[in-house]
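Report on the structure given below.
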Amino acid sequence: MLSPALNQALNEQISYENYSAFIYKAMQGYFEAEDLPGMSNWMNLQFQEELSHAEKIFRFVCDAGGRVEIMGMEAPNNKYSSPLEAFESALEHEQKVTQLINGLMEKAQAEKDHAAQIFLQWFVTEQIEEEASVSLIISQLKRVKDDGRGLMMVDQELSKRAAAPAAE
Ligand code: FEO
């Protein structure tokens, strides 16, 4: 049975994952407007992945005897000055998520909630991948700088991203 404090913290994380989803959806809108379909595809898949993260925590809270409550969230940023700025903002966001996940893990450890710790382990690993994939794109964008042809190549590369199998 989840403690009220951990239940509350997980509810906040559900809302934060939903917020993450809408940050990426807003970035997708920016890339659509910039005629960069590969980056739009990447952001749309990221949007879906964040929704699946929220759903995963939702299911755990319910199964662990907690009570889900969804909170309000601020509007995401819809304007970016360049693809690099959007991806840098995505990395900053993922670093914040990593901090939140680590905080949740510390709470679960302090409460000796073993089920929650095992559950959260998946997110700890996932954050390594999240940060790494965005960092790689940032490196590529920095390398191409203002070269339009290079940007098109990065965009083409990101068009290959396909939906990951559903998280278990
Ligand atoms: Fe669910 Fe990208 O953190």
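Start at 1 and go down the list; that is how both ligands and their atoms are numbered.
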Under 3.5 Å donor-acceptor, Asn41 side chain and Arg161 backbone: yes
Heteroatom N/O/S of Glu50 within less than 2.8 Å of atom 1 (Fe) of ligand 1: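 Here the distance criterion (N, O or S atom, under 2.8 Å) is met by Glu50, so yes.
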N/O/S atom of Glu17 inside 2.8 Å of atom 1 (Fe) of ligand 1, strictly under: yes
Presence of salt bridge, Lys56 and Glu49, under 4.0 angstrom: no
His53 and Phe123 aromatic ring geometry - parallel, tilted or perpendicular at 30°/60° bounds: perpendicular
Parallel, tilted or perpendicular: ring planes of Tyr16 versus His93, cut at 30 and 60 degrees: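 Because their plane-to-plane angle is under 30°, the rings of Tyr16 and His93 count as parallel.
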Nearest to atom 1 (Fe) of ligand 1 - the N/O/S atom of His53, by atom name: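 Restricting His53 to its N, O and S atoms, the minimum distance to atom 1 (Fe) of ligand 1 goes to ND1.
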Angle in degrees, rounded to 10°, that OE2 of Glu130 and OE1 of Glu94 form at atom 2 (Fe) of ligand 1: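 Nearest ten degrees: 100°.
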